[in-house]
Amino acid sequence: QVQLQQSGAELAKPGSSVKISCKASGYTFTSYYISWIKQTTGQGLEYIGYINTGSGGTNYNEKFKGKATLTVDKSSSTAFMQLSSLTPDDSAVYYCARGSSSFAYWGQGTLVTVSS
Amino acid sequence: EIVLTQSPTTMAASPGEKVTITCRASSSVSYMHWFQQKSGTSPKPWIYDTSKLASGVPDRFSGSGSGTSYSLTISSMEAEDAATYYCLQRSSYPPTFGAGTKLELK
């Protein structure tokens with residue numbers, strides 16, 4: 001069965017960076033893009049962007065350019081998202097999802113808390 | 001980007017009651033998609049391409065609409081339907097979600 005397993009919760013200080021992982025199983029990894037989505041109580045669900053898991057090509061929501069960097073390791077069927085220059089506004093649950101926009105399968109979410 | 005406005009924001013329904021949630025888009029979209037999310041879990045695909053039920057979704061759910069106005073309807077509310085429902089458009093990049101409708105059991 002298709003599974004997307006995300007890394008655990010992160011507590012980070014303002015100005016630092018975090019890198020979240022999303023390990024896929026149950027399907028051919030390079031056959032589907034991986035997208036990343038941010039969820040907060042205030043802003044709801046926001047689309048960050050996607051990565052072409054075959055080529056490594058990326059497409060970002062303008063709002064998250066410079067904030068998020070998407071990468072992939074095909075050898076381990078894992079997608080990564082690095083968030084940089086963290087501020088309290090980056091505190092959220094971050095999800096990976098299969099596909100560039102279909103989101104048929106989701107990871108369980110990774111809570112990122114930014115606090116000094 | 002296309003803004004999706006859901007209404008109501010929250011609502012409560014009694015068992016057996018008909019429920020309708022609406023989603024209005026700031027520009028015309030080809031299809032609307034819906035997700036269900038329960039507390040502490042990831043969103044689940046619920047309705048896709050406006051009216052097609054995702055696998056395992058009970059047939060008391062239906063979706064309809066076109067252009068800028070779409071809706072999700074539950075013909076007869078059941079306890080398990082209590083959740084937050086989000087609409088999603090992916091006709092225009094970036095994909096955008098509505099703010100959600102929290103449906104509670106009365």
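Just so we're clear, the structure is a prediction, and the values are computed from it rather than from any experiment. Note on naming: letters A, B, ... go to the chains in the order of the sequence lines (proteins, then strands), and numbering restarts at 1 for each one. Every heavy atom of this structure was used, including side-chain atoms; hydrogens, water molecules and symmetry mates were not.
Among all heavy-atom pairs drawn from A:Ala68 and A:Leu83, the shortest one is CB-CD2, 3.9 Å. Counting all heavy atoms, side chain and backbone alike, B:Val57 lies closest to B:Pro45 at CG2-O, 4.5 Å.
Follow the hydrophobic side-chain contacts under 4.5 Å out from A:Leu86 and you reach A:Ile20 in the same cluster.
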Heavy-atom donor-acceptor pairs under 3.5 Å, chain A with chain B:
from     : atom 1 : to      : atom 2 : distance (Å)
A:Gln39  : OE1    : B:Gln37 : NE2    : 3.0
A:Gln39  : NE2    : B:Gln37 : OE1    : 2.8
A:Gln39  : NE2    : B:Tyr86 : OH     : 3.3
A:Asn59  : O      : B:Tyr93 : OH     : 3.2
A:Tyr95  : OH     : B:Gln37 : NE2    : 3.3
A:Ser101 : O      : B:Arg90 : NH1    : 3.4
A:Gly107 : O      : B:Ser42 : OG     : 2.5

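No side-chain heavy atom of A:Ile34 sits less than 4.5 Å from a side-chain heavy atom of A:Val72. Two residues are said to be in side-chain contact when any heavy atoms from C-beta on lie closer than 4.5 Å; A:Ser91 and A:Val114 meet this criterion.
Within the model, atoms CG of B:Leu4 and SG of B:Cys23 stand 4.5 Å from one another, a figure rounded to the nearest 0.5 Å.
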